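Please read the structure below before turning to the comments.
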Amino acid sequence: MGAVKGEDALDGGWGWMIVLASFMAQFLSFGSPQSVGVLYPEWLSAFQEGKGMTAWVGSMVSGVALITSPVCSACVDNFGARPVTFFSGVMVAGGLMLSAFAPSISFLIFSYGIVVGIGCGLVYAATLTITCQYFDMRRGLALGIVTTGTSLGGFIYATLQNELIELFGLEGCLLIVGALALNLMACAGPMRPMKLPGYYLKQRAALQRTEEPEPLYTKPTAIIIDSDLKTTSGSADNTATIKLLIIKEPTELQESEGERKSGILTCSVVARAIKKRMRPYGQYLCESVELLQDRVFMAFCIAIFLFSLGAFPPVLFMEDVAQSEGLIDGIALIPLVSIVAMTTGIGKLVLGILADMRWVNSLYLYALTLTGTGTALLLIPVSKSYMGLQILSAAVGFFSGNWSLTSYITTKIVGIERLSQAHGILMCFGGFGITLGPPVVGWFFDCTQSYDLAFYFSGTCVLLSGLFLFLFCSTLPCRNRMSEEGNSPAEEDINTSQQPTLDCDKVASVA
């Protein structure tokens, strides 16, 4: 497993092959989950369950993909992006094909929601991590292109799944889409690591230890005892030293060692062994707690949770909103889900390019997109025409392209060395929001028989996340300055030079 070395590999060269492979990996894995709104009415009619219960399928597949991000990121750190992406192809394809034979919604939640969700989580962690490793100055553009694969997949798969359902039924559609997902294994090929992952380093060290030649002859163990014997010759005392050599044969050593090994292990020995095994996990947990103590990173996590809680349900329910309001019969040639996916891809590219500009503060840019998404969601219940829903869907999709900024901002806050772990924690917060959002919206509809209250709830959550991030980012630097106002200019210079990692500096560096 070759690794790319040197700074010359950054921002070009093989990095663009990584971008292409990661783009296709996200296209193939997230295409069906992003257009799950097309499958949602089919599942409603097939299983005759409530909207809240059926919504668990769509929410689980995206929620599990993000909730399992810490585990997926640990897999990427230990095994590398290539084997993780290869294995994810088996998970995604197997889950989709298994869903074709689902006898109930509960089984569908497992096959489509959990199995496909874990596979998507592995792809997401692998593609973003290796892209960040290959790019520095153009990282925002590279991440924008990679994450556009998710949006393009949702746009194409929405229409594709419509046609496949018409031709082959729901079961045939899922089987064909699952077969397409097997191409994820081919996407894993170009993902050469910048450095060898932890697992391979351990294997290399173990191999070097085993390859050391064993001695052909074992020297016997000798114990030398010095004894002083005093002899008298005339009046003078002479001291002679006699060295007694006691040889212990190797067979005796083996017997004593066998006796020692045959004894029963004490509780202390077992405890030490368990402690040694659990030490890496404890260290990982301590580092995670340390990350959560960073106020900027914690504020970012809260904003992601509120955004995911409110922004994902429209993707799932948009088609059902148009049909339940009588704005359209059946499904349009270009569904609303496709419009959301297409504009999301455009938003990812535009926001990724803006993030690379020196005069743009990416954290404020992210907060601005949250505010725009929340405003558009609050206007959906007011719109009473299909054209109005199309415009608002386009606005929600464009601002939802802020997913391309998450890895970029996380890298600015915690650094490239801790990106994988920090991004896993961040996506875990987002996963909980995505998992809870659609069922809550579905239950609102089941109770009120209207989506108005549900979309007011979603829009409020997203708007609050944007306002929270704006207020937090604007007040945090002021608090740090106020705490240092009592210092003299000399002390301020010393503090500035000795403490470059203050929250104020971190916020200022996210630009």
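Since we're looking at a predicted model, the values are computed, not measured.
- Enclosure of atom CZ in F47 by more than 12 non-hydrogen atoms of other residues, nucleotides or ligands within 6.0 angstrom is indicated.
- At a threshold of 4.5 Å between non-hydrogen side-chain atoms, the residues W56 and V61 do not count as touching.
- Aromatic ring centres of Y112 and W43: separated by under 6.0 Å.
- Contacts classified as ring pair (Phe, Tyr, Trp, His ring centres under 6.0 Å) and involving residues 166-189 (residues at least two apart or in different chains) are not found.
- At least one side-chain heavy atom of T127 sits less than 4.5 Å from a side-chain heavy atom of M191.
- Atom-to-atom distance recorded for C301:SG and L426:CG is 5.0 Å, nearest 0.5 angstrom.
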#### Entry: Verdict with reasoning, F398 to M342, per side-chain contact (heavy atoms from CB on, under 4.5 Å)
CA-CA 8 Å; F398 179 83; M342 178 176 59; over 6 Å; no

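- Of all heavy-atom pairs between T435 and G63, the closest is OG1-CA, 3.1 Å.
- For the pair S22/I18, a side-chain contact is recorded, criterion being any heavy-atom separation below 4.5 Å from C-beta on.
- The side-chain heavy atoms of C187 and L28, taken from C-beta on, include a pair separated by under 4.5 Å.
- Across every non-hydrogen atom of S29 and A25, the tightest pair is OG-O, 2.8 Å.
- Taking the side chain as every heavy atom from C-beta outward, F30 and Y124 approach each other to under 4.5 Å.
- Across all non-hydrogen atoms, the minimal contact from T85 to A126 is OG1-CB, 3.5 Å.
- Among residues two or more places apart in sequence or in another chain, the ring-ring contact (aromatic ring centres under 6.0 Å, His included) test is passed with Y366 by F300.
- Environment of CZ in F86: sparse, with no more than 12 heavy atoms of neighbouring residues, nucleotides or ligands closer than 6.0 Å.
- Side chain to side chain, Q26 and T150 meet the donor-acceptor criterion of an N or O pair below 3.5 Å.
- Scored by the ring-ring contact (aromatic ring centres under 6.0 Å, His included) test, F307 finds W403 as partners (sequence neighbours excluded).
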### Query
Between V19 and M24, does a side-chain contact (heavy atoms from CB on, under 4.5 Å) hold up when you go through it step by step?
CA-CA 9 Å; V19 169; M24 289 304 302; over 6 Å; no

### Message
side-chain contact (heavy atoms from CB on, under 4.5 Å) for L160 and L180? Distances and angles first, verdict last.
### Response
CA-CA 12 Å; L160 176 64; L180 289 174; 4.2 Å; yes

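- One distance of note links CD1 of I176 with CD of E163; it measures 12.0 Å at 0.5 Å rounding.
- Between S88 and C120 there is no side-chain heavy-atom pair separated by less than 4.5 Å.
- The backbone N or O of A367 sits less than 3.5 Å from a side-chain atom of T371, completing a donor-acceptor pair.
- When side chains are defined from C-beta on, L39 counts as touching L174, because their heavy atoms get closer than 4.5 Å.
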### Message
Run the side-chain contact (heavy atoms from CB on, under 4.5 Å) test on D294 and I413 for me, step by step, so that the C-alpha distance in whole Å, both residues' side-chain angles and the decisive distance to 0.1 Å come before the verdict.
### Response
CA-CA 9 Å; D294 188 314; I413 295 176; 4.2 Å; yes

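- With sequence neighbours left out, the ring-ring contact (aromatic ring centres under 6.0 Å, His included) criterion links F399 to no other residue.
- The heavy-atom pair separating I67 from G431 by the smallest distance is CG1-C, 3.4 Å.
- One distance of note links CG of L354 with CG of L368; it measures 10.0 Å at 0.5 Å rounding.
- Between the S308 side chain and the I434 main chain, no donor and acceptor come within less than 3.5 Å of each other.
- Side-chain contact between S111 and V116 is absent, with no heavy-atom pair separated by less than 4.5 Å.
- Here the CZ-CG distance, from R138 to L143, works out to 14.0 Å after rounding to the nearest 0.5 Å.
- In F87, the CZ atom is not crowded: 12 or fewer heavy atoms of neighbouring residues, nucleotides or ligands sit closer than 6.0 Å.
- Panel note: side chain R82, backbone G189; a donor-acceptor pair is recorded below 3.5 Å.
- The structure places CE of M53 at 10.0 Å from CG of L108, a figure rounded to the nearest 0.5 Å.
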For residues 344-351, run the donor-acceptor check on the side chains, cut-off 3.5 Å, and write out each pair with its distance to 0.1 Å, sequence neighbours left out.
unit_1 : atom_1 : unit_2 : atom_2 : d
T344   : OG1    : V340   : O      : 2.5
T344   : OG1    : G397   : O      : 2.9
K348   : NZ     : T147   : O      : 2.7
K348   : NZ     : S151   : OG     : 3.3

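- Residues that satisfy the ring-ring contact (aromatic ring centres under 6.0 Å, His included) test with Y157, not counting sequence neighbours, are F27.
- I165 contributes atom CD1, which lies 4.5 Å from atom SG of C173 (distance to the nearest 0.5 angstrom).
- A donor-acceptor contact shorter than 3.5 Å links the side chain of N361 to the backbone of Y364.
- The two residues A355 and L405 make their nearest non-hydrogen contact at CB-CD2, 3.6 Å.
- Of all heavy-atom pairs spanning Q161 and S32, the tightest one is OE1-OG, 2.8 Å.
- Side-chain atoms of T54 and E49 include no donor-acceptor pair closer than 3.5 Å.
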